[in-house]
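Note sheet for the following structure.
In this chain, residues are counted from 1 in sequence order.
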Amino acid sequence: MNSNALPADIENVLRTLESLARTQYQRDAAWAVRCALTYGMLDTRRIDWLANMDNKVGNVQLPRECVEPNIHSLRAAIDAAMEIRHD
């Protein structure tokens, strides 16, 4: 499977949605849904790759105070870092 491809079940739903679109507004909305889902899937794959404990290539640098209490989850550590005030 292409690493940028959506899973077959989601692709089938999107094709159905696109085939039912009659107005330009509906076609534009279907395209927006496709783009949002594709972007979300790619983002999920990126974060999963970074979070994989066996990953020896990629790394993320976050403040220690965000990582130590969230060692169980890269996403939780990122969320904690995003909450830090940057004033």
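- The shortest heavy-atom contact between T44 and R75 is O-NH2, 3.7 Å.
- M82 is connected to I71 through a chain of hydrophobic side-chain contacts under 4.5 Å among Ile, Leu, Val, Met, Phe, Trp and Tyr, so both are in one cluster.
- With hydrogens and angles disregarded, no donor-acceptor distance shorter than 3.5 Å links the side chain of D43 to the backbone of Y39.
- Under the 4.5 Å side-chain heavy-atom criterion for ILVMFWY residues, no single connected hydrophobic cluster contains both V60 and I84.
- W49 CH2: more than 12 foreign heavy atoms inside a 6.0 Å radius.
- Side chain of R27 to backbone of E18: no donor-acceptor contact under 3.5 angstrom is found.
- Between the CD atom in E11 and the CZ atom in R34 there is a gap of 4.0 Å [rounded to 0.5 Å].
- Atoms CG and CH2, on L17 and W31 in that order, are 12.5 Å from each other to the nearest 0.5 Å.
- Annotation: side chain of V67 is not in contact with side chain of Q61 (no heavy-atom distance under 4.5 Å).
- With values rounded to the nearest 0.5 angstrom, D28 atom CG is found 10.0 Å from Q26 atom CD.
- The minimum heavy-atom distance between A81 and P63, with the atom names listed, is CB-CD, 4.2 Å.
- I10 and V33 end up in the same hydrophobic cluster when Ile, Leu, Val, Met, Phe, Trp and Tyr side chains are linked at under 4.5 Å.
- Rounding to the nearest 0.5 Å gives a distance of 8.5 Å between CE of M41 and OG1 of T38.
- Considering CG of N55 and CG of L50, their distance stands at 6.5 Å, rounded to 0.5 Å.
- Remark: N52 CG to L74 CG distance equals 11.0 Å, nearest 0.5 Å.
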CA sep, side-chain torsions, deciding dist, call: N70, H72, side-chain contact (heavy atoms from CB on, under 4.5 Å): CA-CA 5 Å; N70 295 298; H72 65 285; 3.7 Å; yes
